[in-house]
Colleague: 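Right, I'll just put the structure down here and ask away after.
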There are 2 protein chains.
Amino acid sequence: MTKGSLREKVLRVRENAIVDVVNRLLAEKGFEQMTVDEIAADVGIAKASLYKHFASKEALAAAAIERLLERALEVARQLDERADVPALGRLRALVRWGVKLQLAGEMPVLPLHHPSVRAEFVGARPCAELLTQLSDLLGAWILRAQADGEVDRSFPLELVLYTLYARAADPVPGLLKTAGQHDDAQVVEWVVQTLFAGLGARPS
Amino acid sequence: MTKGSLREKVLRVRENAIVDVVNRLLAEKGFEQMTVDEIAADVGIAKASLYKHFASKEALAAAAIERLLERALEVARQLDERADVPALGRLRALVRWGVKLQLAGEMPVLPLHHPSVRAEFVGARPCAELLTQLSDLLGAWILRAQADGEVDRSFPLELVLYTLYARAADPVPGLLKTAGQHDDAQVVEWVVQTLFAGLGARPS
DNA sequence: GTCTATAGCCAGATAGAC
DNA sequence: GTCTATCTGGCTATAGAC
């Protein structure tokens, strides 16, 4: 166990470094524009070595998404403990976390219409499982927020859930940041406000 | 002029058919997944013939976007004539038009982070010009809606403009449609409502 | 497990006859 | 302007030495 676990630890560290690079490149240029050559160059190892760790480019992307889901789930579970925060507040907090991640250039994005990506993603048990867990948690919050009268009761659960998820890949934060002029915190608040309260004027 | 204009007319019809196919494929699978071979096959001509009409794959995509912008501008100008409709109503109507187009599978989508696509798009004078005209028109509506107290006055113009544009490529309508269960009209109304009034419960 | 070198493939673009 | 046939480059993936 001594030597074996040490080797495994080194291996984990290396694979984590790989996933870091993949995550960043997925955020920067997306799956198709990201090349395996570039991943290898950025990590600082040969391309063939990458394939000793991950079976395919799709597996690399799936690993990045899996880690994202793990982190999101961790954040969500911490929020779930906070009995003092209302359901709507938890939803807002999680969206804030996601938008901040996106502005930091760390939100990987996948083209889910791409057949091979889809296949790998649903084939990767951990990813599907994590997504289910996260959705279950969020679904409970949404139902609670509707019961509390904080979210429109006429909206079906899936409409709210999809709308929340979609903000993670929304181009608006990035565009506003690129336009300059505004700092990240301001952008986050605007996006959260338009998401929950819409573009309309708030009742004064 | 007789023979020349006839030939030109035939040419226009053929190019229009090409753009139809490109538009549909861009809506279906996006720029990268769309192949020139498939375009040629769907149009029913040889690939080399395509390149007699358009210089590159990017030019094909730009042509589809240009036609989309022409149509959007036409719809916007018609709405602009309607003195009886308030500014917010015009904005809602244009968004409805866009979401319907998307649900019909006719909203082409471009990856604007893709360098060569960006270059072609900004290099294509007509596209840039049309986008500017559309944005000017929408900008005027937005300012008017803010003056009328229908849109939050604290929002900068670009936030509102980007948010409106982003709905044209939003995945939510497609996801809701795929989930089945709901008809298009219902999906359109939900998306428009969440855009302008947010997820929050409306004051009763 | 890491490397260099290369196979195999696919898609964008072109040559040249008609 | 249309076609068939081909070129070219870039990308994923692997072979094989160490």
Side-chain angles (χ1 to χ4, degrees), chain A residues 3-19 21-22 25-26 28-64 110-111 113-121 123, chain B residues 3-19 21-22 25-26 28-64 110-111 114-121 123-124:
Chain A
K3 209 173 176 183
S5 69
L6 176 62
R7 277 200 186 151
E8 275 188 11
K9 205 160 191 175
V10 170
L11 197 132
R12 284 281 169 86
V13 168
R14 173 142 308 173
E15 292 193 349
N16 203 53
I18 294 172
V19 174
V21 171
V22 173
L25 290 176
L26 278 180
E28 268 177 29
K29 33 207 328 183
F31 180 77
E32 341 236 16
Q33 280 300 107
M34 168 184 79
T35 73
V36 178
D37 285 275
E38 192 176 8
I39 299 169
D42 283 16
V43 175
I45 63 177
K47 182 164 54 168
S49 303
L50 269 188
Y51 281 93
K52 296 289 181 183
H53 294 276
F54 298 92
S56 67
K57 183 183 179 183
E58 284 77 12
L60 282 162
L110 284 189
H113 45 275
H114 193 134
S116 73
V117 173
R118 253 198 112 78
E120 177 77 23
F121 183 77
Chain B
K3 209 172 178 185
S5 70
L6 177 60
R7 277 198 187 154
E8 275 188 11
K9 205 160 191 173
V10 170
L11 196 132
R12 284 280 169 87
V13 168
R14 173 141 306 175
E15 291 193 349
N16 203 51
I18 294 172
V19 174
V21 171
V22 172
L25 289 176
L26 277 180
E28 267 177 30
K29 33 210 323 184
F31 181 77
E32 342 236 18
Q33 279 299 107
M34 168 183 79
T35 73
V36 178
D37 285 277
E38 192 175 7
I39 299 169
D42 283 17
V43 175
I45 63 177
K47 182 164 55 168
S49 303
L50 270 189
Y51 281 93
K52 297 288 181 184
H53 293 276
F54 298 92
S56 67
K57 184 183 178 183
E58 283 78 13
L60 282 161
L110 283 189
H114 193 135
S116 71
V117 174
R118 253 199 111 79
E120 177 78 23
F121 183 76

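Naming convention: chains lettered A, B, ... in sequence-line order (proteins, then strands); numbering from 1 in each chain. Quick note: numbers below take in every heavy atom, side chains included, and nothing from hydrogens, waters or symmetry partners. Just so you know, these numbers come straight off a predicted model, no measurement behind them.
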Colleague: What is the separation between atom CG on B:Leu25 and atom C1' on C:dA11, rounded to the nearest whole Å?
Modeller: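 From B:Leu25 CG to C:dA11 C1': 15 Å.
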Colleague: Less than 4.5 Å apart, side chain to side chain, heavy atoms only: is that true for A:Leu25 and A:Glu28?
Modeller: yes
Colleague: If you find the nucleotide of DNA chain C closest to A:His53 and the one closest to B:Phe31, which residue's nucleotide is nearer the 5' end?
Modeller: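 Nearest nucleotide further toward 5': that of A:His53.
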Colleague: Just the rounded figure in Å: distance from P of D:dT2 to CG of B:Leu50.
Modeller: 9 Å
Colleague: Rounded to whole Å, how long is the line connecting atom CD of B:Gln33 with atom C1' of C:dG12?
Modeller: 15 Å
Colleague: Can you measure B:Lys47 atom NZ to D:dC7 atom C1' for me and round it to whole angstrom units?
Modeller: 11 Å
Colleague: Please compare A:Thr35 and A:Ala48 by the position of their nearest nucleotide in DNA chain D and report the one closer to 5'.
Modeller: A:Thr35
Colleague: Ignoring backbone atoms, establish whether B:Arg14 has a side-chain N or O less than 4.0 Å from OP1 or OP2 of D:dT2.
Modeller: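 For D:dT2, OP1 or OP2 has a side-chain N or O of B:Arg14 closer than 4.0 Å.
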Colleague: Rounding to an integer number of Å, can you tell me how far A:Phe54 CZ sits from D:dT12 C1'?
Modeller: 16 Å
Colleague: Which one, D:dT14, C:dT2, C:dA13, comes nearest to the side chain of A:Tyr51?
Modeller: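 Comparing D:dT14, C:dT2, C:dA13 against the side chain of A:Tyr51, the answer is D:dT14.
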Colleague: Which residue lies toward the 5' end of DNA chain C, B:Asp37 or B:Lys52, if each is placed at its nearest nucleotide?
Modeller: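 Its nearest nucleotide lies further toward 5', so the answer is B:Asp37.
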Colleague: Taking B:Glu38 first and then B:Lys29, would you say they form a salt bridge - that is, a charged N and a carboxylate O separated by under 4.0 Å?
Modeller: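 Salt bridge: yes.
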Colleague: Looking at B:Ser49, does any N or O in its side chain come under 4.0 Å of the phosphate oxygens OP1/OP2 on D:dC3?
Modeller: yes
Colleague: Using whole Å, what does the distance between atom P of nucleotide D:dT12 and atom NE2 of A:His114 come to?
Modeller: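 A:His114 atom NE2 is separated from D:dT12 atom P by 11 Å.
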Colleague: Tell me, do B:Val19 and B:Phe54 make a side-chain contact under 4.5 Å, heavy atoms counted?
Modeller: yes
Colleague: Would you kindly give the CG-to-C1' distance between A:Leu60 and D:dT12, to the nearest whole Å?
Modeller: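 Going from CG in A:Leu60 over to C1' in D:dT12 covers 11 Å.
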Colleague: Nearest-Å distance, CD (A:Glu38) to C1' (D:dC11)?
Modeller: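 So the CD-C1' distance, A:Glu38 to D:dC11, works out to 13 Å.
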Colleague: Using a 4.0 Å heavy-atom cut-off, does A:Lys57 contact any base of the nucleic acid, only the sugar-phosphate backbone, or nothing at all?
Modeller: sugar-phosphate
Colleague: If you check every side-chain atom of B:Ala46, which of D:dT4, D:dT12, C:dC3 has the closest atom?
Modeller: D:dT4
Colleague: Name the closest nucleotide to the B:Ile45 side chain, picking from D:dA13, C:dA11, D:dC3.
Modeller: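 Of D:dA13, C:dA11, D:dC3, D:dC3 is nearest to the side chain of B:Ile45.
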Colleague: Looking at side-chain heavy atoms only, is the closest gap between B:Phe31 and B:Glu58 below 4.5 Å?
Modeller: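 They are in contact (side-chain heavy atoms under 4.5 Å apart), so the answer is yes.
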Colleague: Do you see a donor-acceptor pair shorter than 3.5 Å between the side chains of B:Gln33 and A:His113?
Modeller: no
